[in-house]
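In what follows, residues are counted from 1 in the order of the sequence shown. First listed ligand is number 1; within each ligand, the first listed atom is number 1.
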Amino acid sequence: MTRIFCIANQKGGVGKTTTTVNLAAGLSQIGQRVLVVDLDPQGNATMGSGIDKRALELSVYDVLLDSASIAEARQRSAKGGYDVLGANRELAGAEVELVELDRRDRRLKRALAAVSGEYDFVLIDCPPSLSLLTVNGLTAAHGVLVPMQCEYFALEGLSDLVNTIKQVHANLNPDLQIIGLLRVMYDPRITLQQQVSEQLKAHFGDKVFDTVIPRNVRLAEAPSYGQPGVVFDPASKGAQAFVEFARELVRRLESLRR
Ligand code: ADP
Ligand code: MG
């Protein structure tokens with residue numbers, strides 16, 4: 001069974017892309033077949049997987065507009081060990097062009113149906129907005145993974161995302177659920193982060209993953225080498241945390257099935 005997950009949070013810079021590429025690499029290391037879909041016109045997940053966004057002949061843009069299939073447009077991240085449906089600035093135009101088309105919010109879902117049997121996981125890296133692109137991601141997905149920094153306004157920021165998820169759940173995708181919240185860029189020396197982390201657990205209970213991703217400079221350096229941190233420096237604390245997170249996710253999904 002293929003699991004299609006969105007990595008979403010409408011704030012920018014919270015660690016969505018870092019989570020996407022490192023979870024993909026971590027899952028690949030434990031034997032899972034993974035496709036990363038880059039739904040952000042910034043193309044950071046594409047670049048961070050070692051694929052030059054400026055050189056893409058076909059991208060997720062062509063797939064959304066139905067001029068290419070995923071099988072035609074995907075590429076292999078040799079370092080990461082997973083496939084990538086890449087994105088670049090062209091995707092920013094899709095937002096406007098899609099509005100004119102029918103079934104505009106189900107385009108990605110339909111395209112994924114043709115390849116999903118080839119993967120155990122599809123990870124969709126969403127842009128920092130609750131736009132039509134994000135709605136395409138949420139409509140295609142079974143679940144949402146929410147990376148969060150344990151900052152003062154973190155909980156407030158979540159309510160817009162939770163409302164969007166509820167709307168998509170009610171109108172477009174009854175399968176959609178929040179799989180879990182992942183604490184990222186965590187620094188246990190900061191008392192406020194400990195407090196917010198406790199609040200998160202009090203509020204969301206089991207939905208908060210046990211694994212915590214620490215703030216770790218190797219994770220931030222890796223993209224400039226076109227690699228997920230998990231591959232760039234496997235011994236680093238950040239890399240090890242993401243591999244542990246991949247294991248936790250697989251375990252959780254197995255226990256959900258029972
Ligand atoms: P988003 O996709 O939500 O905009 P990114 O994943 O691009 O966020 O992360 C924002 C910035 O923070 C990037 O420069 C990234 O390298 C850095 N970063 C992300 N996670 C960590 C971490 N755990 N430790 C240190 N730096 C991180
Ligand atoms: Mg990003």
query: Side chains of Ile4 and Tyr119: does their closest heavy-atom pair fall under 4.5 Å?
result: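 In short, these two side chains do not touch, never coming nearer than 4.5 Å.
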- request: Could you tell me the residue and atom name of the protein heavy atom closest to atom 22 (C) of ligand 1, and the distance to it rounded to 0.1 Å?
  value: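 Residue, atom and distance for the closest contact: Met185 CG, 3.5 Å.
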Using distance alone, determine whether [X] and ligand 1 share an N or O pair under 3.5 Å.
X      : answer
Lys16  : yes
Thr18  : yes
Pro214 : yes
Val217 : no
Lys11  : no
Gly13  : yes

Using a strict cut-off of 4.0 Å, indicate which atoms of ligand 1 neighbour a heavy atom of [X].
X      : result
Val14  : 1 (P), 3 (O), 8 (O)
Gly15  : 1 (P), 3 (O), 5 (P), 6 (O), 8 (O), 9 (O)
Leu219 : 22 (C), 23 (N)
Asn216 : 22 (C), 24 (N), 25 (C)

More than 12 foreign heavy atoms under 6.0 Å from [atom1] of [X]: is that the case here?
X      : atom1 : answer
Arg76  : CZ    : yes
Lys53  : NZ    : yes
Lys166 : NZ    : no

message: Let's go through Arg215 and Gln149 carefully: what are the C-alpha distance in whole Å and the side-chain angles of both, what is the deciding distance for side chain to side chain contact (heavy atoms under 4.5 Å, CB included) to 0.1 Å, and is it a yes or a no?
response: CA-CA 10 Å; Arg215 183 171 284 283; Gln149 284 173 260; 3.7 Å; yes
- prompt: Are any of the heavy atoms in Asn44 under 4.0 Å away from ligand 1?
  reply: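 Under 4.0 Å: no for Asn44.
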- request: List the steps and the verdict of side chain to side chain contact (heavy atoms under 4.5 Å, CB included) for Ile51 and Leu56.
  value: CA-CA 8 Å; Ile51 294 162; Leu56 290 176; 3.8 Å; yes
field: The one among Ala220, Pro223, Cys126, Gly12 that brings a heavy atom closest to atom 17 (C) of ligand 1
entry: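 The nearest heavy atom belongs to Ala220.
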- prompt: With respect to atom 2 (O) of ligand 1, which of Thr17, Asn22, Ile7 exhibits the smallest heavy-atom separation?
  reply: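 Nearest heavy atom to atom 2 (O) of ligand 1 lies in Thr17.
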message: Using side chain to side chain contact (heavy atoms under 4.5 Å, CB included), reason through Lys201 and Arg183 one step at a time and then give a plain yes or no.
response: CA-CA 10 Å; Lys201 279 198 279 189; Arg183 291 164 286 172; 3.9 Å; yes
- prompt: Hey, are Arg251 and Glu254 close enough for a salt bridge, meaning a charged N less than 4.0 Å from a carboxylate O?
  reply: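 Here Arg251 does not pair with Glu254 in a salt bridge, since their nearest N and O are not under 4.0 Å apart.
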message: With respect to the Mg ion (ligand 2), please indicate if Thr20 possesses an N, O or S atom at a distance under 2.8 Å.
response: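 So Thr20 does not count as coordinating the Mg ion (ligand 2).
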- prompt: Between the side chains of Asp125 and Thr17, is a donor N or O closer than 3.5 angstrom to an acceptor N or O?
  reply: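 Result is yes, a qualifying pair exists.
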field: Residues Thr46 and Asp38: side-chain donor-acceptor under 3.5 angstrom
entry: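 Result is yes, a qualifying pair exists.
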Please check if a non-hydrogen protein atom sits closer than 4.0 Å to [atom].
atom                    : answer
atom 11 (C) of ligand 1 : no
atom 5 (P) of ligand 1  : yes
atom 25 (C) of ligand 1 : yes

task: Evaluate the ring planes of Tyr225 and Phe232, with Trp represented by its six-membered ring, and classify them as parallel (under 30°), tilted (30 to 60°) or perpendicular (over 60°).
output: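 Judged by the thresholds at 30° and 60°, the geometry between Tyr225 and Phe232 is parallel.
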